[in-house]
Number of protein chains: 2
Amino acid sequence: MKYIEKLRNSGLRPTKQRLQICEVLFNSEKTFHFTINELDQKIKKQINDKISLATIYNTVHAFEKKGYLKQIPINSNQTYFDTNISDHHHFYDLKEEKLIDLENADVGPINILKKINGKRIKSVEVLVKLED
Amino acid sequence: MKYIEKLRNSGLRPTKQRLQICEVLFNSEKTFHFTINELDQKIKKQINDKISLATIYNTVHAFEKKGYLKQIPINSNQTYFDTNISDHHHFYDLKEEKLIDLENADVGPINILKKINGKRIKSVEVLVKLED
DNA sequence: ACACCTTTTTAGAATCATTATAAACTACTA
DNA sequence: TAGTAGTTTATAATGATTCTAAAAAGGTGT
Ligand SMILES: [Mn+2]
Ligand SMILES: [Mn+2]
Ligand SMILES: [Zn+2]
Ligand SMILES: [Zn+2]
């Protein structure tokens, strides 16, 4: 029910698979970071249906394009996504290989002084790597 | 000649391949960003020897570990490296898929207010995505 | 409900960057 | 010069992601 309109408004048909993925992604108390494979595992645990991996890829990319997910720039062999789409930054714990949110207030205001002719700033993302 | 000592001091044997890669990477006026495949092309053009792709991977990773190269966190199917190892940040031109250096002075000082128990900040990297 | 068309799902294949393997080769040291 | 550890190399393996094309499902109008 909850997500049908959201999908329709985005021009995405509210299929069973997409609604189930919405539940897993957006129906939790806290936002979280994930790779496609982690999401696949989470879906397996939370629902009794099987959703093909291709559909998970398709859906995550569709949601990202609509702005319901963010991709996090990080050096990893897997792509990391974030259900927290607010303007925020990240710690990356190198040992644990885990991302931790840094709210915008946790980082002083960032002022980009350099300008590039004919280009606009789309986003400013800070990655703070942590070691022991 | 120039790089033999540098390699020896790092505990890396100054092999012909490593010295040739040093020439391509560090003997240019300006620093630059590259993927492994771009470096492979550059090597092919600048030297008359063939260096196997595996050696290029090995060498780039060895140099990165020694701090002679930096890896740039970015969402791409290929890993980006930087011969500019100074503390600096990047524009990423989404259309051109090109990185542009942002010197530290081009970005206001960044103050991370949040602390994580038992962890130290290793690096702070800013990625500014550009669109038209 | 039915027909029709479009979008979506799916299993499986393909792609491609990266890493592993293991044999040949090379740099250093005694 | 022999011995040893480090390095290079061709090639295979891995694994995340994308592609394909056929089947299934959604949406719309009747
Ligand atoms: Mn995407
Ligand atoms: Mn590396
Ligand atoms: Zn986040
Ligand atoms: Zn740079």
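We use all heavy atoms of the structure for the numbers below, so side chains are in, but hydrogens, waters and symmetry mates are not. Letters A, B, ... mirror the listed sequences (proteins, then strands); counts begin at 1.
- The distance between atom CD of E38(B) and atom C1' of dT18(C), rounded to the nearest whole Å, is 16 Å.
- Rounded to an integer number of Å, the gap from CD1 of I51(A) to P of dT9(C) is 9 Å.
- Regarding I4(B), its CD1 atom lies at a distance of 16 Å from the C1' atom of dT7(D), rounded to whole Å.
- In terms of position on DNA chain C, the residue among L12(A) and Y80(B) whose nearest nucleotide sits closer to the 5' end is L12(A).
- Contacts of T79(A) with the nucleic acid, taken as non-hydrogen atoms under 4.0 Å apart, involve only primed sugar atoms and P, OP1 or OP2.
- Between K16(B) atom NZ and dC28(C) atom C1' there is a gap of 18 Å when expressed in whole angstrom units.
- Within the 4.0 Å cut-off from OP1 or OP2 of dT17(D), not a single side-chain nitrogen or oxygen of H61(A) is found.
- Ranking dT8(C), dA17(C), dA10(D) by closeness to the R13(A) side chain, first place goes to dT8(C).
- Summarising the geometry, the separation between CD on Q20(A) and C1' on dA25(D) is reported as 14 Å, rounded to the nearest angstrom.
- Under the 4.0 Å criterion applied to side-chain N and carboxylate O atoms, K114(A) and E103(B) are not assigned as salt-bridge partners.
- Considering only side-chain atoms of K50(B), the nucleotide from dT19(C), dC19(D), dA10(D) that sits closest is dA10(D).
- Following rounding to the nearest Å, F81(B) (CZ) and dT18(C) (C1') show an atom-to-atom distance of 10 Å.
- In this structure, CG in D101(A) is found 7.0 Å from CD1 in I72(A), a value given to the nearest 0.5 Å.
- For S52(B), no side-chain nitrogen or oxygen approaches OP1 or OP2 of dT8(D) to under 4.0 Å.
- Using a 3.5 Å distance cut-off with no hydrogens or angles, the side chains of Y3(B) and N27(B) do pair a donor with an acceptor.
- Using a 4.0 Å heavy-atom criterion, one finds that T15(A) contacts the sugar-phosphate atoms exclusively.
- Closest approach to the N58(A) side chain among dT9(C), dG26(D), dT9(D) is made by dT9(C) (side chain taken as heavy atoms from C-beta onward).
- Considering only heavy atoms from C-beta on, Y68(A) comes within 4.5 Å of S10(A) through its side chain.
- At dG26(D), none of the side-chain N or O atoms of R8(A) fall inside 4.0 Å of OP1 or OP2 (strictly under the cut-off).
- Nearest-nucleotide mapping onto DNA chain D: of Q17(A) and A54(B), the residue sitting toward the 5' end is A54(B).
- Other residues, nucleotides and ligands contribute at most 12 non-hydrogen atoms within 6.0 Å of the NZ atom of K122(B).
- In terms of phosphate contacts, Y57(B) brings a side-chain nitrogen or oxygen within less than 4.0 Å of OP1 or OP2 of dT18(C).
- In this structure, CD of Q78(A) is placed 14 Å from C1' of dA17(C), rounded to the nearest angstrom.
- A salt bridge is absent between D132(B) and R120(A); no separation between the charged side-chain nitrogens and carboxylate oxygens falls under 4.0 Å.
- Comparing R18(A) and I36(B) by the nucleotide of DNA chain C that holds the closest heavy atom to each, the one mapping nearer the 5' end is R18(A).
- Going from atom CG of D40(B) over to atom C1' of dT9(D) covers 14 Å, rounded to whole Å.
- Listed candidates were dT8(D), dT18(D), dA17(C). Nearest to the side chain of N77(B) is dA17(C).
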